[in-house]
Structure formats: C-alpha cells, structure tokens
Amino acid sequence: MPQELVDAGQSWLEYAMRPWFAYQLVLIALLFLAAKLIARRLEASLEERARQIRGQPAMLRVLVALLRRVDWILFVAFQAAALVVLNRVTWPSNTVLVSISLSLALAWLVVTVASRVIRNRFAARLVQWLAWIYACLTILDLDDDASLALESIALPLGTTRLTVLLLLKSTLLLIAAIWLAVMIGNMIDDRVKAASDLTPSLRVLIGKIVKFALIVLAGTAALSAVGVDLTALTVFSGAVGVGVGFGLQKVVSNFVSGIIILLDKSIKPGDTISLGDTFGWIRDLRARFVSIVTRDGREYLIPNEDFITQQVINWSFSDELVRLDVKFGVSYDANPHQVSELAIKAAMTVSRVEASRTPVCWLTQFGDSSLDFVLRFWIKDPQQGLTNVRGKVLLALWDAFQEAGIAIPYPHREIVFKTPIPESKPRPQRRRKPAG
C-alpha cells in the first residue's frame with residue numbers, strides 16, 4: 001500500500017476521534033431525515049403541476065427528474081445553510097465532514113439528473129455510477145492515487161501498454177462521443193426530412209450518410225484523444241474484417257443494396273409496390289430492410305437484397321396514375337355500343353376513378369355464352385387499395401345494367417339426344433303370401 005494512503009488513513013482516524021466528528025455525523029443524519037420528511041409532502045403536488053406542461057417533452061423530462069429528487073435538493077440546501085452557520089460559530093476544521101457531505105450530495109444530484117438525458121436505463125445507470133465514483137475520488141482527493149493504481153495494472157501488447165485506466169478512459173469517452181454523434185445525427189436527420197425541396201430517397205440517403213460519418217468520426221476522435229495509436233490496429237482490424245465479412249455476408253449485402261436503392265431512387269417512402277404476394281406502401285427505408293405496410297395493417301420487413309434481385313412492381317415510380325382493368329360479359333341480346341357507353345358512365349360515378357383520364361370500354365371477343373368486354377380506368381391513389389375500387393366499379397356496372405335491362409349471362413349447356421331414350425318397363429309386383 002502506498003505511504004500516501006497510509007498517512008491519509010491515519011489522519012482521518014485521528015480526526016474521527018474528535019467530538020466534532022460525531023456532532024457533524026448527527027447533524028448530517030438529522031438534515032437528511034428532515035429533507036426526506038418534507039419531500040414526501042411536496043413531491044406529489046409539485047410533480048402533478050409539472051405534468052400540466054404541454055408541448056415541451058424535453059423540459060418536462062428534466063423537470064420531472066428534478067422533482068423526483070426533491071429530498072436531495074432539500075438535503076443539499078439544508079447542508080449549505082448549516083455550513084454557513086457552522087463557519088461563523090466554529091473553526092473551519094470542525095466543518096470538514098459537512099463540507100464533504102455537501103459536495104458528495106451535490107455531485108449525486110447533478111449526476112442523477114443529467115443522466116436522465118440518456119433514454120436507455122442500463123446505460124444511464126452505468127454512466128451515473130461511474131460519474132459519481134469519479135466525483136467522489138476527486139472530492140476526497142483520491143483521484144491521483146486511484147489513477148496510479150489503475151495505471152499499474154497493464155497488459156503489454158507489443159509496443160503498446162494497455163492499462164486499466166486507458167481502457168476505462170477509452171470506453172467512457174467512446175460511449176460519450178458516439179452518443180453525442182447519434183444525437184447530432186438525429187437532429188440533422190430531422191432537419192433533412194423537413195426539407196421539401198429534396199426527394200424522399202435523397203433525404204434518407206443524406207441522413208444515413210451523416211449518421212455513419214459522425215459515428216466513425218466520433219470513434220476515431222475518442223480513441224485518438226486518449227492516446228490510442230490507430231495505426232497499431234490496422235492488422236487486427238483487417239483480420240477481424242475478413243472474419244466479419246464471411247460471417248455477415250447477408251448483412252453487408254443488405255446494407256450495400258440499401259445504398260444502391262437510395263442512389264438509383266427505384267423506390268422511396270410513400271411508393272406503392274408489389275413484391276411477390278406482398279402489396280402495400282413503403283413506410284420507411286432502413287439500412288438492412290424496407291418497411292412495407294399492407295392494406296390489412298400488417299408491416300412486413302423485407303430485406304433490401306430482395307428489391308435488387310427480384311422483380312418489383314412500383315405502382316407510383318414515375319407517375320401516380322395507375323390503370324386498372326375490369327373484365328365482364330353481357331348477353332348476346334344486348335347492344336354492344338350501348339353496353340360500352342353505360343360501362344364508361346358507370347365507371348365515372350366512382351369517386352376514385354380519375355376524371356381527367358376518361359375510361360374506355362372495348363369488346364374483346366365473342367364468348368361461348370356472352371359478349372366479353374374489358375373496362376379500363378385510371379386512379380391516382382393505389383395506396384388506398386385496388387380490390388375495393390374494382391369492387392365499386394363492378395357494383396356500378398351491375399346497377400347500370402339492371403336499370404337498362406341488360407342481362408349478365410351465366411354459362412349453360414344444351415344436351416340433344418339423337419336417338420330417343422327407350423321407356424323402362426314397370427317391374428311386376430310380387431304378391432305376398434298370407435301369414436299362417
């Protein structure tokens with residue numbers, strides 16, 4: 001054990017034998033108890049008033065975090081007032097313990113409130129305790145001794161000496177830098193998404209590139225700040241990269257496919273697409289997958305690679321207008337010219353049918369039992385569904401044909417026998433013998 005720690009322990013032991021040490025302990029305990037009792041009555045009412053704030057979630061989050069620590073706020077205030085009084089009635093040496101307790105309580109209050117900015121509970125707790133331990137070491141003037149102890153535990157890696165202190169500094173600084181980079185990247189991404197002069201694909205691409213660049217820059221800056229030689233990691237990173245490349249082929253393929261999709265603008269958020277049996281509209285483009293919402297409310301997460309290797313129907317790629325076909329047949333007794341006119345007028349009565357593109361109706365063939373037609377019309381909102389608009393057009397056709405007396409035939413067959421069917425002779429009935 002270093003001689004400095006031994007000397008510090010002996011001095012604190014001598015200080016603890018004095019009467020004023022016990023007086024300060026009792027005073028600190030009484031102040032903490034008083035803060036707890038008063039906070040129980042204030043905390044609920046203050047938090048209820050704070051939650052009435054609307055439209056400012058960030059400020060409300062910090063304010064609620066403060067109000068849930070009313071006991072610590074009161075404890076700090078009580079100790080500060082007691083320290084002012086003690087410094088006037090006694091020597092400063094008799095207030096050392098209260099001064100240290102005040103500093104520790106204030107550090108704990110600041111750290112716990114500041115850590116609420118981190119939404120991940122585990123990460124917030126980890127940062128909270130690590131920051132408070134560092135504050136405790138600094139307040140107790142033990143930071144240099146702790147640094148020497150952590151510096152003495154080392155693992156030599158060639159010309160590099162990896163110590164526990166270096167590892168802790170690198171980890172904490174790396175976490176802080178990456179968290180700050182992600183937060184700034186999200187802010188820039190929100191600004192880019194709000195830019196109306198950019199296409200949706202370009203907005204997503206810029207947001208992803210900015211986030212990736214900020215994270216790489218933050219990691220490099222954090223490691224360089226603590227003295228890590230990045231050139232020493234070249235061979236190691238190359239070997240790891242080869243292993244990761246074999247193990248994460250699909251992940252890398254989907255990531256590269258996502259970049260290609262964003263660059264060639266083949267699909268974008270809001271497009272209505274069909275991929276295999278999936279029909280829906282694109283909600284979001286991610287680094288690994290595309291989120292597609294179908295008409296029944298299901299959300300499919302389809303890998304980006306499928307949009308590169310498979311056939312994709314983009315109903316709104318270059319134009320929002322989409323043409324739909326409805327096939328039907330009428331009786332041979334009907335006038336085909338009248339049928340065509342009625343079909344066009346019936347289609348125009350449906351609200352989703354585009355009025356600027358007049359529907360057309362063509363006679364396609366003379367069927368076995370009907371005149372076959374195809375009705376073609378245009379819509380500009382395929383994301384609202386295709387089956388429903390076809391159904392409305394068919395109902396409009398039914399109503400128009402019923403009013404005009406036009407029959408919609410069903411298949412029937414006539415059977416003609418060339419020779420008559422012989423009549424069957426009645427069978428003679430057997431007489432039953434009387435019983436007995």
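We count residues from 1, following the sequence as given. Since the structure is predicted, the reported quantities are computational estimates derived from the model, not experimental observations.
Closest approach of Pro269 and Leu285 over heavy atoms only: CD-CD1, 3.7 Å. The two residues Ala396 and Thr349 have their closest heavy-atom pair at CB-OG1, 3.9 Å. Pairing each heavy atom of Val96 with each of Gln24, the nearest pair is N-OE1, 3.4 Å. A pairwise comparison of heavy atoms in Ile292 and Ile282 identifies CG1-CG1, 4.4 Å as the closest pair. Between Val353 and Ile379, the shortest heavy-atom contact is CA-CG2, 4.4 Å. Closest heavy-atom contact between Ala343 and Leu397: CA-CD2, 3.5 Å.
Scored by the ring-ring contact (aromatic ring centres under 6.0 Å, His included) test, Tyr23 finds Trp20 as partners (sequence neighbours excluded).
In the model, Glu305 has no side-chain atom that pairs as donor or acceptor with a side-chain atom of Ser257 under 3.5 Å.
Using a 4.5 Å heavy-atom threshold, the side chains of Val293 and Tyr300 count as separate. The shortest side-chain heavy-atom distance between Asp284 and Val290 does not fall under the 4.5 Å cut-off. For the pair Val98/Ile100, no side-chain contact is recorded, criterion being any heavy-atom separation below 4.5 Å from C-beta on. At a threshold of 4.5 Å between non-hydrogen side-chain atoms, the residues Arg376 and Pro359 do not count as touching. When side chains are defined from C-beta on, Phe373 does not count as touching Thr364, because their heavy atoms never get closer than 4.5 Å. Ile28 places a side-chain heavy atom less than 4.5 Å from the side chain of Leu97.
Trp281 CH2 to Thr272 OG1: the interatomic distance, rounded to the nearest 0.5 Å, is 9.0 Å. Interatomic distance, CG of Asp71 versus CG of Leu109, reported as 9.0 Å (0.5 Å rounding). Of the inter-residue distances, the one linking Gln311 atom CD with Ser274 atom OG reads 10.0 Å to the nearest 0.5 angstrom. Interatomic distance, CG of Leu275 versus CD1 of Ile302, reported as 5.0 Å (0.5 Å rounding). The line from CG of Asp399 to CG of Leu395 is 6.5 Å long, rounded to the nearest 0.5 Å. Going from atom CD1 of Ile184 over to atom CG of Leu180 covers 4.0 Å, rounded to the nearest 0.5 Å.
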Show me the donor-acceptor pairs, under 3.5 Å and distance only, between side chains in residues 74-90 and residues at least two apart or in other chains.
{"from": "Gln79", "atom 1": "OE1", "to": "Ser101", "atom 2": "OG", "distance (Å)": "2.5"}
{"from": "Asn87", "atom 1": "OD1", "to": "Thr95", "atom 2": "OG1", "distance (Å)": "3.3"}
{"from": "Asn87", "atom 1": "ND2", "to": "Leu83", "atom 2": "O", "distance (Å)": "3.1"}
{"from": "Thr90", "atom 1": "OG1", "to": "Asn94", "atom 2": "ND2", "distance (Å)": "2.7"}

Item to complete: Show the numbers, then the answer: is there a side-chain contact (heavy atoms from CB on, under 4.5 Å) between Val326 and Phe377?
Response: CA-CA 9 Å; Val326 171; Phe377 56 92; 3.5 Å; yes

Fill in: side-chain contact (heavy atoms from CB on, under 4.5 Å) evaluation trace for Leu363 with Asp372
CA-CA 6 Å; Leu363 177 64; Asp372 296 333; 5.6 Å; no

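Under the side chain to side chain donor-acceptor pair (under 3.5 Å) criterion, the residue pairs touching residues 385-395 are Arg352-Asn388, with sequence neighbours excluded.
Between the side chain of Asn186 and the main chain of Val182, a donor-acceptor pair closer than 3.5 Å is present.
Ion pair Asp325/Arg323 flagged as a salt bridge, since at least one NZ, NE, NH1 or NH2 atom sits closer than 4.0 Å to an Asp/Glu carboxylate oxygen.
Aromatic ring centres of Phe328 and Phe401: separated by under 6.0 Å.
Note: Trp72 and Trp108 have tilted aromatic rings, judged against thresholds of 30 and 60 degrees for the angle between ring planes.
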